[in-house]
Amino acid sequence: MPELPEVETLCRQLDGILPGQEIRGVRVVDARLGPLAGLGGYRIFKVTRQGKGLCLKLENGPTVFLHLRMTGRLLWQKGAAPIPSHTRLIISFSSGKLLLIDPRRFATVRVGSDPVLSAPLANPLDGLPARRLKEMAEERRLPVKSFLMDQRFIAGIGNIYACEILHGAKIDPGRPAGSLTIAEWRRVEKASALVLPRAVACRGTTVSDWRDLFGASGSNQEHLEVYAREGDICRRCGGRIERRVMGGRGTWSCPSCQR
DNA sequence: TATAATGTTAGACT
DNA sequence: AAGTCTAACATTAT
């Protein structure tokens with residue numbers, strides 16, 4: 001579910017309410033998340049994002065690292081509201097509860113030191129410089145779409161935004177990463193500088209079940225040009241959008257304007 | 001009932 | 001050896 005813009009949305013919302021608050025209790029509903037003992041009593045210092053992961057930094061304490069994977073959500077609840085189904089973890093504070101909801105149970109939580117992010121392009125919101133993209137992709141034959149989604153290189157881009165960025169850049173997702181010219185990488189740089197910040201401003205893309213911390217839908221689905229639009233008409237050139245499988249993932253593109 | 005789903009990764013294959 | 005691909009994880013919705 002959540003890629004960089006969705007996790008950034010949660011991060012900003014969490015950082016707006018949690019710092020200074022004391023953890024009153026932790027209830028692990030799904031034992032597969034691990035024991036998570038000993039967090040009670042700590043206060044939140046701040047909340048940051050690393051790629052698609054969230055760090056709850058505790059004052060004079062460890063960091064709680066959350067990864068939502070495919071279907072994880074976070075929900076802030078006040079008062080005695082009913083607990084939704086698929087709730088896997090509850091962290092209580094005096095002013096409310098933070099719920100991890102995750103139907104597929106892929107989400108992970110670990111407590112420890114801050115994770116070290118080794119991706120050279122650690123935060124695509126700061127820009128994806130064409131020259132560095134070209135250097136990293138040199139000689140590689142994997143599809144450029146798989147390259148953009150490889151978290152070891154670039155932290156935070158997933159399936160929706162890889163498809164959208166490549167449409168914006170007019171590049172076929174199946175092109176070998178190493179075959180792009182510097183001019184083409186500049187188009188990728190420009191497209192991501194448009195697509196990613198706009199998605200953050202829209203508080204994410206709600207195509208099925210994404211909701212923000214307060215249960216609200218995002219609005220970036222209104223800006224999707226190709227993702228999940230198989231058979232529709234490309235708004236840029238009038239071509240027909242097609243779906244392929246690449247690296248095991250659905251991949252949407254317009255073959256008539258993406259080369 | 002079969003298929004696909006916004007992520008990651010271990011192991012297989014080249 | 002390094003690069004790339006595939007299956008698996010667990011569950012729901014169409």
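Below, read A as the first sequence line, B as the second, and so on, with proteins coming before strands; counting in each chain starts at 1.
Phosphate proximity of B:dT9 to A:Arg152: absent, as no side-chain N or O sits under 4.0 Å from OP1 or OP2. Contact check, A:Arg140 against C:dT4: a side-chain N or O comes under 4.0 Å of OP1 or OP2. For A:Gln151, no side-chain nitrogen or oxygen approaches OP1 or OP2 of B:dG7 to under 4.0 Å. Between A:His67 and the phosphate of B:dG7, there is no side-chain N or O to OP1/OP2 separation shorter than 4.0 Å. At least one side-chain nitrogen or oxygen of A:Arg105 sits closer than 4.0 Å to the OP1 or OP2 atom of C:dT11.
No donor-acceptor pair closer than 3.5 Å links the side chain of A:Glu8 to the backbone N or O of A:Leu4.
The pairing partner recorded for C:dA10 is none, the criterion being a Watson-Crick or G-U wobble arrangement whose two distances lie under 3.5 angstrom.
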For A:Glu22 and A:Ser94, run side chain to side chain donor-acceptor pair (under 3.5 Å): C-alpha distance rounded to whole Å, both residues' side-chain angles, the deciding distance at 0.1 Å, then the answer.
CA-CA 7 Å; A:Glu22 183 187 326; A:Ser94 56; over 6 Å; no
Please step through side chain to side chain donor-acceptor pair (under 3.5 Å) for the pair A:Ser92 and A:Arg27, ending with a clear verdict.
CA-CA 8 Å; A:Ser92 313; A:Arg27 180 142 65 97; over 6 Å; no
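Look at the P atom in both B:dG11 and C:dA10: the space between them is 16 Å, to the nearest Å. C:dC9 and B:dT1 have their C1' atoms separated by 22 Å, with the value rounded to a whole Å.
Other residues, nucleotides and ligands contribute more than 12 heavy atoms inside 6.0 Å of the NZ atom of A:Lys57.
Residue A:Arg104 places a side-chain atom within donor-acceptor reach of the base of C:dA10, judged by atom type and a 3.5 Å distance cut-off alone.
In this structure, A:Gly158 reaches the sugar-phosphate backbone alone: every heavy-atom distance under 4.0 Å involves primed, P, OP1 or OP2 atoms, never a base. Among the protein residues, A:Ser146 comes within range of no part of the nucleic acid, since none of its heavy atoms lies under 4.0 Å from any strand.
In this structure, A:Glu230 places its CD atom 14 Å from C1' of B:dA5, rounding to the nearest Å.
The pair A:Glu225-A:Arg235 meets the salt-bridge criterion, since a charged nitrogen lies less than 4.0 angstrom from a carboxylate oxygen.
By the 5.5 Å and 30° criteria, A:Phe106 is not stacked with the base of C:dA10.
Here B:dT8 is the nucleotide among C:dT12, B:dT8, B:dA5 with the atom lying nearest to any side-chain atom of A:Lys52.
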